[in-house]
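Since this is a predicted model, take the numbers as computed values, not measurements.
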Amino acid sequence: MNKLIIMLIFLLIMLTACCNSATEIDSTSPGNSFVQVTEIVPAATSEGQKVSDGERVLPFARSDIIPGQTTRGEVRQIMGDPVSRSYFGTWSYSYNVPNHTSVMSFWFNEKSVVIEIWIPISDFSLGSLIDQLGDPEIVELRINQPDVGPPIYPDKVFHFPSLGVSYYAPCIVDNVNLGKDCQQHYPTDTIELVVQYVSSSQLEFRQEIAPDSVVIDWQGFQE
């Protein structure tokens, strides 16, 4: 009888261990759970004031998720299960953003530490950005080259590497003038994406810019 009880206890322990192991494996494999970001906390400015989309300069994200510090496990503890996960040598997690058709994405390095946060935004103009942050440190014209056909929809990227943030404004032009008109800037240009990352010097950041991108001088707004 004692042996039977011991065997039953052993089997119960084994079953519990298997269930826990299966849960852990599932937590790092692509799933189909859907979760919305219910709290997006604006970062504090140097004056300690909060900033918000459309009123004050971004970036904004969860203040407890910091590029270069927060791990993949900590992101899951804070944000819950991502709406989608991708693995191409390193992981990325995506979450729905309320009242927005795009997703917020967290990109991790090989050590499972956040290196970039991609945040879609709306109702935010280049004029508002420059009013609040001043001139960009680096302006990049990033050409989006499809697998076939001519390049389309270049992005103007306004980098502030010392702050660890970049702002993307799409530049839609015809193929004849591709890239030419994009070097002119207007206050009404729309910012559609904010990318947060670990801050660096301008020199360090320039070395990371893709060879097929063009760095252009910021000369203010077109008259």
Side-chain angles (χ1 to χ4, degrees), residues 26-45 49-126 128-129 132-133 136 140 142 144 153-171 189-200 205 208 210:
D26 180 67
S27 71
T28 57
S29 61
N32 55 5
S33 59
F34 288 82
V35 62
Q36 282 206 339
V37 179
T38 56
E39 181 185 5
I40 300 178
V41 182
T45 66
Q49 298 175 334
K50 293 295 183 179
V51 294
S52 59
D53 186 6
E55 298 177 359
R56 297 287 297 171
V57 70
L58 303 173
F60 71 102
R62 298 246 356 179
S63 57
D64 46 2
I65 299 179
I66 303 172
Q69 298 183 28
T70 309
T71 66
R72 184 162 60 97
E74 290 169 338
V75 168
R76 291 198 57 155
Q77 290 176 358
I78 294 168
M79 302 294 293
D81 289 332
V83 65
S84 65
R85 307 164 220 175
S86 300
Y87 184 82
F88 296 98
T90 56
W91 284 98
S92 67
Y93 285 177
S94 296
Y95 293 86
N96 288 331
V97 177
N99 304 317
H100 209 290
T101 57
S102 299
V103 294
M104 174 189 294
S105 298
F106 298 86
W107 298 81
F108 305 91
N109 61 15
E110 65 279 357
K111 296 181 180 179
S112 290
V113 174
V114 175
I115 54 172
E116 287 187 354
I117 306 174
W118 292 15
I119 310 164
I121 61 172
S122 56
D123 301 323
F124 193 71
S125 69
L126 178 60
S128 296
L129 173 64
Q132 296 166 46
L133 276 189
E140 176 189 0
R142 181 172 296 181
N144 300 315
Y153 305 125
D155 288 318
K156 291 187 291 187
V157 191
F158 302 90
H159 297 295
F160 297 83
S162 64
L163 300 178
V165 62
S166 297
Y167 301 81
Y168 285 65
C171 180
D189 287 348
T190 301
I191 305 293
E192 293 191 351
L193 176 69
V194 181
V195 177
Q196 292 181 252
Y197 44 86
V198 180
S199 60
S200 65
F205 194 87
E208 298 297 325

To check you understand the geometry: which heavy-atom pair defines the closest contact between [X] and [Y], and what is its length?
X      : Y      : result
Pro170 : Thr190 : CD-O, 3.5 Å
Met79  : Ile65  : CG-CD1, 3.7 Å
Glu110 : Thr90  : N-CG2, 3.6 Å

Nearest 0.5 Å please: distance from the [atom1] atom of [X] over to the [atom2] atom of [Y].
X      : Y      : atom1 : atom2 : result
Phe108 : Tyr87  : CZ    : OH    : 13.0 Å
Ser125 : Ile191 : OG    : CD1   : 7.5 Å
Lys156 : Glu140 : NZ    : CD    : 13.0 Å
Leu163 : Leu133 : CG    : CG    : 6.0 Å
Phe158 : Leu126 : CZ    : CG    : 4.5 Å
Tyr93  : Asp81  : OH    : CG    : 8.5 Å

- Query: Between Ser94 and Ser105, does any side-chain donor sit less than 3.5 Å from a side-chain acceptor?
  - Reply: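 Yes, a side-chain donor-acceptor pair sits under 3.5 Å.
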- Parallel under 30°, tilted from 30 to 60°, perpendicular over 60°: which one fits the rings of Tyr168 and His159? perpendicular
Side-chain contact, heavy-atom cut-off 4.5 Å: [X] with [Y]?
X      : Y      : answer
Leu129 : Phe124 : yes
Tyr167 : Pro136 : no
Pro67  : Ile115 : no

- Message: Between Tyr95 (side chain only) and Gly80 (backbone N and O only), is there a donor and an acceptor less than 3.5 Å apart?
- Response: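 Present.
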- Message: Would the distance check show the side chain of Asn109 and the main-chain N or O of Lys111 forming a donor-acceptor pair, the cut-off being under 3.5 Å?
- Response: yes
- Query: Going through the distances and angles, do Val75 and Trp91 end up as a side chain to side chain contact (heavy atoms under 4.5 Å, CB included)?
  - Reply: CA-CA 12 Å; Val75 168; Trp91 284 98; over 6 Å; no
- Query: Should Phe106 and Thr70 be marked as a side chain to side chain contact (heavy atoms under 4.5 Å, CB included) after you check the CA-CA gap, both sets of side-chain angles, and the distance that decides it?
  - Reply: CA-CA 10 Å; Phe106 298 86; Thr70 309; over 6 Å; no
- Query: Can you check side chain to side chain contact (heavy atoms under 4.5 Å, CB included) on Trp118 and Ser102, steps first, answer last?
  - Reply: CA-CA 10 Å; Trp118 292 15; Ser102 299; over 6 Å; no
